[in-house]
Asker: 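Provided herewith is a single structure, encoded as structure tokens, for subsequent inquiry.
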Amino acid sequence: AQRVTQPEKLLSVFKGAPVELKCNYSYSGSPELFWYVQYSRQRLQLLLRHISRESIKGFTADLNKGETSFHLKKPFAQEEDSAMYYCALTGAGKSTFGDGTTLTVKP
Amino acid sequence: EAGVAQSPRYKIIEKRQSVAFWCNPISGHATLYWYQQILGQGPKLLIQFQNNGVVDDSQLPKDRFSAERLKGVDSTLKIQPAKLEDSAVYLCASSLGRVSYEQYFGPGTRLTVT
């Protein structure tokens with residue numbers, strides 16, 4: 001069975017501070033990992049995926065197979081980063097989402 | 001490109017009634033997903049279609065939920081009869097394929113069962 005755990009329901013930081021949203025997963029094979037974001041009154045949308053190894057809106061995420069983690073990081077948080085963030089895993093074509101972390105960036 | 005469309009956006013029904021949700025995916029997307037999102041939780045996959053065939057429905061409560069994707073395009077999800085615990089947002093998503101592809105989500109249908 002595959003599982004995604006986001007240990008923090010709520011995370012609050014000040015503008016300009018670094019931010020890290022944690023994601024741990026459980027899967028016996030080679031997973032595909034994603035971060036999705038939902039801004040206020042908008043649809044859930046892809047932020048980034050591990051296979052692309054890209055930086056989107058200043059966010060990066062590194063897959064650590066040893067620690068089975070895929071934490072999302074940004075060195076300097078902005079107020080517009082305030083949103084709900086979901087970590088997701090696709091294994092053998094099946095998708096599993098974490099319960100999400102609400103990030104609030106205070107001015 | 002047009003996004004994933006869902007209707008209705010909101011629905012209020014009494015328990016034991018039936019309800020149906022409709023989804024129109026992005027044109028050309030072979031994979032279609034239905035998720036249930038209960039307040040405070042992440043989306044939970046109910047059923048996944050590849051074209052008009054079911055790939056995964058292991059978490060679909062088959063005694064009351066059913067879904068179909070005729071002609072491999074639009075899809076409907078039905079609940080009959082509804083229970084109080086079915087109150088949730090029902091999300092439809094589509095993607096080009098099953099693996100490594102971005103999922104595009106619709107706006108969701110908020111169902112309240114009283």
Side-chain angles (χ1 to χ4, degrees), chain A residues 1-11 21-27 29-54 56 61 63 70 72 83-103, chain B residues 1-7 9-10 21 23-26 29-51 53-60 67 69 88-110:
Chain A
Q2 56 194 50
R3 188 185 186 110
V4 176
T5 303
Q6 294 180 250
E8 303 137 331
K9 276 279 189 189
L10 303 170
L11 185 61
L21 291 85
K22 292 184 169 56
C23 172
N24 294 95
Y25 68 89
S26 173
Y27 182 65
S30 293
E32 304 281 351
L33 275 297
F34 303 81
W35 276 99
Y36 283 82
V37 61
Q38 187 166 27
Y39 300 102
S40 180
R41 288 185 284 278
Q42 293 188 27
R43 303 180 183 201
L44 198 56
Q45 59 186 285
L46 179 70
L47 179 62
L48 54 79
R49 71 193 86 182
H50 91 275
I51 58 171
S52 301
R53 302 187 65 80
E54 57 198 345
I56 302 294
L63 178 60
F70 187 57
L72 183 68
M84 188 74 167
Y85 291 81
Y86 294 95
C87 182
L89 176 155
T90 298
K94 178 177 177 178
S95 295
T96 299
F97 281 73
D99 284 338
T101 297
T102 301
L103 173 65
Chain B
E1 62 182 9
V4 176
Q6 287 187 249
S7 67
R9 293 294 312 277
Y10 306 91
F21 312 127
C23 173
N24 182 232
I26 292 172
H29 280 195
T31 309
L32 185 146
Y33 314 77
W34 282 104
Y35 291 90
Q36 179 192 58
Q37 186 172 22
I38 293 172
L39 187 64
Q41 299 180 19
K44 173 185 145 186
L45 181 66
L46 292 176
I47 189 166
Q48 180 178 339
F49 292 93
Q50 183 73 11
N51 296 309
V54 176
V55 173
D56 186 327
D57 63 357
S58 57
Q59 300 190 95
L60 186 74
R69 189 183 184 195
V89 175
Y90 290 84
L91 295 166
C92 179
S94 69
S95 66
L96 281 169
R98 290 179 59 202
V99 181
S100 301
Y101 289 102
E102 173 181 358
Q103 293 184 40
Y104 293 81
F105 284 82
T109 297
R110 183 176 298 277

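Letters go in sequence order (proteins before strands), and every chain restarts at 1.
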Asker: Got a sec, which residues hit side-chain contact (heavy atoms from CB on, under 4.5 Å) with B/Ala30, two or more places apart in sequence or on another chain?
Answerer: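 B/Ala30 satisfies side-chain contact (heavy atoms from CB on, under 4.5 Å) with B/Gln50, B/Asn51 only.
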Asker: Non-hydrogen atoms of chain A under 4.5 Å away: do they reach the side chain of B/Gln41, the backbone, both or neither?
Answerer: both
Asker: Hydrogens and angles aside, do A/Tyr25 and A/Thr96 bring a side-chain donor and acceptor to less than 3.5 Å of each other?
Answerer: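 On atom types as modelled, these side chains do not qualify, holding no pair under 3.5 Å.
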Asker: Under a 4.5 Å heavy-atom cut-off, does chain B meet the side chain of A/Ala92, its backbone, both or neither?
Answerer: backbone
Asker: Quick check for you: among A/Gln45, A/Lys94, A/Arg43, which has the greatest number of heavy-atom pairs under 4.5 Å with chain B?
Answerer: A/Arg43
Asker: For the candidates B/Tyr33, B/Tyr35, B/Phe105, which exhibits the highest count of non-hydrogen atom pairs separated by less than 4.5 Å from chain A?
Answerer: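 The residue among B/Tyr33, B/Tyr35, B/Phe105 with the greatest pair count is B/Phe105.
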Asker: Salt bridge (Lys or Arg N to Asp or Glu O under 4.0 Å) with B/Asp57: which residues, sequence neighbours excluded?
Answerer: B/Lys62
Asker: Between the side chains of B/Tyr104 and B/Glu102, does any donor sit under 3.5 Å from an acceptor?
Answerer: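 Yes - a donor-acceptor pair under 3.5 Å links their side chains.
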Asker: Taking side chain as everything from C-beta outward and backbone as N, CA, C, O, which of these in B/Ser58 sits under 4.5 Å from a heavy atom of chain A? Side chain, backbone, both or neither.
Answerer: side chain
Asker: Atom CD of B/Gln37 and atom CZ of A/Phe97: how far apart are they, to the nearest 0.5 Å?
Answerer: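 B/Gln37 CD to A/Phe97 CZ: 9.0 Å, rounded to 0.5 Å.
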